[in-house]
Amino acid sequence: MTSIVTKPEELTFSLPDLPAMPAPGRVLLVDPAYFDVEYVINPHMQDHVGNVDKTAARAQWEALRKAYERLGIDVHVLPGAEGLPDMVFSANQSLPCLVSADGSAGGSGGGFAGDSGAGFAGDSNKFQRAVVMSIMNASQRKAEVPYFEQYYRSIGYEILHLDAERTACFEGMGDALWHPGRAMLWGAYGFRSDLSAYEQITAMLGVPVIALELKDPSFYHLDTCLCILNEQTALIYPPAFTAEGLALIHALFDVVIEAPQDDALKRFAVNAVCPDGHHVLIQRGCDATNKALQHHGFEVMEFDTEEYIKSGGSVFCMKMLYW
Ligand code: ARG
């Protein structure tokens, strides 16, 4: 099924109609050896150039790595690269995906086989792994992408590129989030990704994309204002979205938890991750958000990511979940 949905009236399906998609079981991290704030490409970085405590940053990153291992997730660490201080935000350089083994992800009409009945029944033999590489918005970050492409190639992924003539920028899973368990993508545009990226992705992968426009430069990536916790539940920061975007979120999630401004803006509460549908890894001190998460049955695991918040990122964007 291919389509871009920008308002609730355009929803022609409900989630159970879509092919099932297995959860990713692996995490890709980038060693923080070269992490720093060296330039300003989002409002959070403004007062922090040269102001990162490298020892603290390493300890914060190590604590997250160990947590994924404790949760039984297979962790792979890529080395950082000198001169690429933002490479540690490994959510941004790519969008990994699964495509049905009998469809070609790169060809028109290939990919997810929802309409033909083939494809997504939870049997991983039926899938092949592919990845859409990002086109970074900031010139300072463009050289990060080939390092990731090389890694995905080395583990057998099919590499997909957007047509750069049609799309100026697309920042991977900073802006594009899979709906857990379903072959459907949430895709944001406005600051770091273009709407046209999703026109290309829906055609390449054969999945519908729910396109959300972002309004507030402090919430410049979708992963700063929408955290998908499980198939039914999302954590959001409402003022980052348009009325149409909020209506779509409410149309597709049964439970929508709202983070208050202080948690979302100062502590990146919504840049949390729920890798197994139950544990939520989140910046320390998001007390109001944590209370709401616990009320809905989630187990909160707090981390310090203060050095990374100086750069405009926290738990979610410091990792890539992949298959
Ligand atoms: N300094 C990085 C940038 O502005 C931070 C990226 C954080 N990533 C994210 N998905 N929120 O590009």
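Only this structure's heavy atoms are used, side chains among them; waters, hydrogens and symmetry mates stay out. Both ligands and their constituent atoms are indexed starting at 1 by order of listing.
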Does a side-chain heavy-atom distance below 4.5 Å link I257 with I236?
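Counting from C-beta outward, I257 and I236 never come under 4.5 Å.
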Aromatic centroids of Y198 and W186 separated by under 6.0 Å
no
Decide if atom CD of E62 counts as having more than 12 heavy atoms of other residues, nucleotides or ligands within a radius under 6.0 Å.
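Atom CD in E62 is packed in, count exceeds 12.
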Students often mix this up, so state it plainly: with edges at 30° and 60°, are the rings of Y157 and Y322 parallel, tilted or perpendicular?
tilted
Working for ring pair (Phe, Tyr, Trp, His ring centres under 6.0 Å), residues Y308 and F35:
CA-CA 9 Å; Y308 299 91; F35 168 64; 4.4 Å; yes
For ligand 1, would you mind listing the residues that have at least one heavy atom less than 4.0 Å away, ordered by chain and number?
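Within the 4.0 Å shell of ligand 1, which is judged on heavy atoms, sit I41, N42, M45, D86, F89, N92, R141, G174, R192, Y220, H221, D223, T224, S311, G312, G313, C317.
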Side chains of N92 and E144: any donor to acceptor distance under 3.5 Å?
no
